[in-house]
S.K.: 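Below is one structure. I have some questions about it.
Naming convention: chains lettered A, B, ... in sequence-line order (proteins, then strands); numbering from 1 in each chain. These numbers come from the heavy atoms of this one structure, side chains and all, not from hydrogens, waters or symmetry mates.
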Amino acid sequence: MQSKRILALFLISAMLVTMITGCTGDSTAQPAASPGSTAASTTSAPANAGNTAPAGDIRTIRLLGGTTGQYDPVRWDDREQYSSWRLFLEIVADYGIKLEIEPVPSDQLTTTVQTRMATASNLPDVIAVKDIAIESLVKFIQQGLVIPLNPLFEEYSARGNSTRFFTEIAPFARALFSYEDGNTYYFGSTVQRVTGISNGLRFNVYAHEIRQDWLEELGLGFPQNLSEYVSALKAFQEQDVNGNGVKDEVVVVDISKTGTGIAQWFGVGSEMFFVDMTDNKVGTPWHQKQEMLLYIEFMQELYKDGLLDAGSFDQQTKLPSAAKLAENVVSALTQPNRNVSANLIPVSNLDRQVWYHPVGPDMGVEGVEPLVSYSSGSSASPDFAFTKACTDLVAAGRFLDMICGPEYSLLANKGEEGQHWYWNEKNFLVDIYDDQNRNSASNKDVMFEKKSAPLWAMPGTYMLPRMNMEEYFGPDMILISDSITDERYEIWTTEINPSVDKRGHVYGRAVANWPKWMLHDTNTKELMALPTDAQFQTISQYSIDLTTYAEETLSKLIIGQLSLDDWDSYVSNMEKMGLSVLLETYQEMHDTYRAGL
Amino acid sequence: MKRIMGSKNSNRIKQGSLAADVVIYLMAAAFALLTLYPMYYVLILSVSDPQAALTMKVYAFPKGFYLGGYQRILSDSRLWLSYRNTIMYASVMTAVMLTTCTCVAYPLTSPMLIGRKFINMFLMIPMYISGGLIPTFILMTKINLYGSPFAVILLGSYSIWYIILVRSYFASIPETLREAARIDGANSYRILWNIYLPNSKPILAVIALYTIISAWNSWYNATIYLPQETWQPLQLFLRRVLVESSVNLAVDAGATEAEMIDAVRRKLGNEQIKYALIIVSTLPMLVIYPFFQKYFVKGIMLGSVKG
């Protein structure tokens, strides 16, 4: 019996040893690049590769990416039929690159990337890390699985595009993805707004919107203050504007968060931690007692009167649930990070024109200054990285140079010249609409007819970044200013995009020209550098529990399960859960980001 | 005799009381309804008008008639490719599974096998201790099976539990049969093929059935080891359809009204894809199940009754 036990223990040990042996080791032949160092050892390529690729000097780049984009107008398998894809390959060849693409279905991309990075096996030169959590991206850096971009745009920029991109055009892209060693590790879809406008609006304004067609149907004016807003909501119910015989017209917003649009009427920040762009300070709504009390009391009244639906918000789409929309009962909602315009929202009767029009931000709340919550529009996302398997830095430099260049930017974002856009006599880039008023660069039927599509539509942003660089879209349009002048708006709507529906533009322009009110950004993550190890530990330690407690508390306050009299105790609990600690941490991250600009 | 013939007694229910029968039948019907109605509900939702389905106004019969969800799934050529792959995986994995089970179990039943107890014990350890995903992934990569359908086949083609089942069943076959065959001049292979396998059809049928069902429902190994669609199985494809059908209604504000309405229609139609997916993926199993029901029951009972 004793011998059997010894034998069993020996077998277990042997299996454990073999298991551990199998887990170690690296299947790739390339040496690792550790953070803080420059790129991994190079091939025989010289430091300065010259401005153009020598004839015959074609370098190979292996790219792993997803085959479907956000909207997927064109299927990956059909790309060869499209002239824009052939044009893309010409651009690639012009930069002296041979691109070997390993396509993976986008829904499988995250799993594929995570397993390959975890085992450091089968790594391509460029890998799509879109949808990978920030924590994992930081770990990739710490484990030396990705190489820094700095040598690529400082030494290996063949035509200077990437150098200019990271230092002049989009320094925020460098600042956002810099690690504590000072190197930048990720690049991806980038939006650069120089003029500060898009379609004539300050874009991505976070707004609460009300059913415009119902207002028109009942002959009501557009609400200008809180009283008129509530009156409109009550009128929708009492007069059964949707005609189903039930007084079910309700407001549907996410009551667990302060990004309702309504909260901003009361001067409340739109996120748990937001950045005040006027003084670059990170704040939290839970330190805005006066504003929050006013806001919550207002929401409590809405809920008590049956005007607010607290349970039909879809966390995935950030809109009312599909069922609620189909029932045609949503009288008001909030659009997440949207261009401010009157938006068509789906409802059950598809033949009707349904518009939700923005409300606010000045709704006459006494004693508080409202907030205008918006995104500057200049943003970047960490979608791609060069892995440690990429040892040919000349090839990598050319690839990055191509991505950052004007030819690729225009093709990726706007499409083919002559098919989707053209330069007018004033050197403005003008979108092409067909005789049915369909934008040729966004309507998939037109793309299919022309067999041409911008690269963001084919193959999509999981395979190649979308470089929306306003810098390249019209040199004469570049005016360094924060305001939207009437002249510029006129140019935009008459010469650049005359076909764009302007119903919502009035609000957007008015909002954009309200600099006196405190502005803060809706996409806080777009203003934060990558967390350091210590910051990452702090965020991991406090973030989840604190956020859960804050959301539950806010929800219960609005539906009356908790009392406002105990406000101080709630905030005290949050302080114990790390509210101020996180505030400081995010402030550090924001300061780091700003220092990198 | 008097007690049985005349008087009321507590054994009346056991003797076939009508009231008891009614109660039992009613309870059985209720349980059957509880079990069958969800499946029926999914079926009628999948063919109802999208709006009615979305607002959950369908109860007993379909409201309207809409086959957009099925059309979306069945018109995709990738569906038939993945059906082919799944059928291939099911058949190959079943064949390999049966081979590995019988080939490992058979020698373990021989009393003359040296170290038999040791081998039995050795087999038990991997049942409880596994390397996990990362070591397996590294192994598959090192033997160049990443991206190959053999990665999925290999990982699903052995089971120590099934080996133990087969071994137990083989052990129930009288040893005298083996001895008699030896006397008649049969070697080990002949004994396995002509004696043990013919007498083990029930257990082999059970294992085959469970393997087929497992292969039909599998998707995880394909997600990890098959990055290309060429060899991906049905469940992975259906999952992809579901993910791709998630239409983001917050599209570019530059979209025209016609584009938005199109997005709306697709959104409403795509909500039903979930229900159509359930039907498409389970229908084959529902069809073949009645033919193999007895083997399911037998499989569950295997090993539970001794002697």
S.K.: Look up atom CG in Asn122(A) and atom CD1 in Ile138(B), then write down how far apart they are to the nearest 0.5 Å.
M.R.: 11.5 Å

S.K.: Can you tell which part of Thr111(A) gets under 4.5 Å to a heavy atom of chain B, answering side chain, backbone, both or neither?
M.R.: side chain

S.K.: With a 4.5 Å heavy-atom cut-off (strictly below), which parts of residues 152-161 of chain B touch chain A? List them by number.
M.R.: none

S.K.: Rounded to the nearest 0.5 Å, how far does OG of Ser121(A) lie from CZ of Phe137(B)?
M.R.: 4.5 Å

S.K.: Only one of Leu64(A), Val104(A), Val113(A) passes side-chain contact (heavy atoms from CB on, under 4.5 Å) with Pro227(B); say which it is.
M.R.: Val104(A)

S.K.: Just verifying a value: how many Å separate Thr67(A) OG1 and Gln228(B) CD, rounded to the nearest 0.5 Å?
M.R.: 10.0 Å

S.K.: At a 4.5 Å cut-off on heavy atoms, which part of Tyr225(B) comes close to chain A: side chain, backbone, both, or neither?
M.R.: neither

S.K.: Relative to chain A, which segment of Ala52(B) carries a heavy atom at a distance below 4.5 Å: side chain, backbone, both, or neither?
M.R.: neither

S.K.: Is atom OH of Tyr220(B) surrounded by more than 12 heavy atoms (other residues, nucleotides or ligands) closer than 6.0 Å?
M.R.: no

S.K.: For Tyr83(B), look at atom OH and say whether over 12 heavy atoms of other residues, nucleotides or ligands are found less than 6.0 Å away.
M.R.: yes

S.K.: Measuring from atom OG1 of Thr223(B) to atom CG of Asp107(A), what distance do you get when rounded to the nearest 0.5 angstrom?
M.R.: 8.0 Å

S.K.: Would you mind telling me which of Arg239(B), Gln232(B), Glu229(B) makes a side chain to side chain donor-acceptor pair (under 3.5 Å) with Gln108(A)?
M.R.: Gln232(B)

S.K.: Take a 6.0 Å sphere around CZ of Phe448(A) and say whether it holds more than 12 heavy atoms from other residues, nucleotides or ligands.
M.R.: no

